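If you're wondering where the values come from, they're calculated on a predicted model, not measured in any experiment. Just the heavy atoms: all of them, side chains too, but no hydrogens, waters or symmetry mates, feed the values below. Just so we're on the same page: letters track the sequence lines, and every chain starts at 1.
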Number of protein chains: 2
Amino acid sequence: MRVLAVDPGLTRCGVAVVESGSDGKAHSLLAGVIRTDPQDELAMRLRQVYDAVHEHLMQMNVDVLVVERVFSQNNVRTAMGTAQAAAVCMLAATQLNLPVHQHTPTEVKAAVTGSGRADKAQVAFMVGRILGLRELPKPVDATDALALGICHVWRSRTAVAVGR
Amino acid sequence: MRVLAVDPGLTRCGVAVVESGSDGKAHSLLAGVIRTDPQDELAMRLRQVYDAVHEHLMQMNVDVLVVERVFSQNNVRTAMGTAQAAAVCMLAATQLNLPVHQHTPTEVKAAVTGSGRADKAQVAFMVGRILGLRELPKPVDATDALALGICHVWRSRTAVAVGR
């Protein structure tokens, strides 16, 4: 299974492609960030995120899109932009008839570190370890997308193992 | 100028087409609602809103998309869905190289009734009066979209008149 994982955002949108190999391990094929200019109009920024995700979905032969579930948290204004970036990513996938899944930040942290309350540094450390990376991609949004991809690959494997 | 006005929402998304005639008055060409099923997956619902708005933009020969600006208000969860519906509408327009504008609910109320604090009934009453409608479209989301369309047509006219 090959997963495109998106840590949604308007200014920086983390993207990663993670694959579960025949050895049962997670491998990373891509990790990066889509950036849009806060000075640009919202509609244009959404289009840029959509176009970039659409291209990744097409070129990387992806089976499923996974998006980190957005919560309002503290900054509602930022959360709205994040939710809108997530929306156009989901649209791009469903237009290609690809399934879309969401995981919460707590699920991702728990999958990767064993604790839903792990901090960013701990998540990054474990992502590097799990994927055998000598260096972590920057900025952290790319690492967060890798963590989300690992989470989905592992949860799907578990779901299959228990016959769900 | 012909405007597609959208009062965004996931469960009910109000849409209206309003035109400024050569007489300087606003005319309505369409008013309705796009509905999606809350039981369906979010990605599918966003696609349904996108498809419907895309079709309106294509078929109605629209010059501009206007979307009511989303605020978090009380229910953050609803606001997120509303923001996501707005996002895919804006994407549909920008993909057709149409300009996208947003107005706040206060701007819409002020344009139509003279008061930014008017209630829904007052807005609906004035929409019917301005457009010369015998009957208001239902549900209220369609009327709200008409109000937004009138607001944009009038504000554009004023902007031209003062040479902006």
query = Is Met1(A) atom CE crowded by more than 12 heavy atoms from other residues, nucleotides or ligands, each under 6.0 Å away?
reply =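 Yes - once you tally the heavy atoms of other residues, nucleotides and ligands closer than 6.0 Å, there are more than 12.
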Segment of Leu65(B) engaging chain A (4.5 angstrom heavy-atom cut-off) =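 The answer is neither part of Leu65(B).
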Portion of Leu91(B) that has a non-hydrogen atom of chain A nearer than 4.5 angstrom =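 Interface part for Leu91(B): side chain.
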message = Hydrophobic clustering (ILVMFWY, side-chain heavy atoms < 4.5 Å, transitive) - are Val49(A) and Leu30(A) grouped together?
response =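 Yes, same cluster.
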query = So if you build clusters from Ile, Leu, Val, Met, Phe, Trp, Tyr with side-chain heavy-atom gaps below 4.5 Å, do Leu146(A) and Val17(A) land together?
reply =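 In one cluster: no.
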ask   = Could you give all pairs that pass the salt bridge (Lys or Arg N to Asp or Glu O under 4.0 Å) test and reach residues 80-97 of chain A, with sequence neighbours left out?
value =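 Of all non-adjacent pairs touching residues 80-97 of chain A, none passes salt bridge (Lys or Arg N to Asp or Glu O under 4.0 Å).
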task = Mind jotting down which residue pairs meet the side chain to side chain donor-acceptor pair (under 3.5 Å) criterion with at least one end in residues 133-152 of chain B? Sequence neighbours excluded, please.
result = Arg12(B)-Asp141(B), His103(B)-His152(B), Lys120(B)-Asp144(B), His152(B)-Ser156(B)
request  = Using modelled atom types only, decide if a donor and an acceptor are shared between the side chain of Gln84(A) and the backbone of Ala83(B) within a distance under 3.5 Å.
outcome  =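 Yes, Gln84(A) side chain to Ala83(B) backbone: donor-acceptor pair under 3.5 Å.
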inquiry  = If you compare all heavy atoms of Thr94(B) against all heavy atoms of Ala43(A), which two are closest, and at what distance to 0.1 Å?
reply    = CG2-O, 3.6 Å
request  = Locate the shortest heavy-atom distance separating Val88(A) from Ala87(B); write the atom from each residue and the value.
outcome  = CG1-O, 4.3 Å
ask   = If you tally heavy-atom pairs under 4.5 Å against chain B, which of Glu41(A), Arg47(A), Met90(A) wins?
value =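 Among Glu41(A), Arg47(A), Met90(A), the one with the most close pairs to chain B is Arg47(A).
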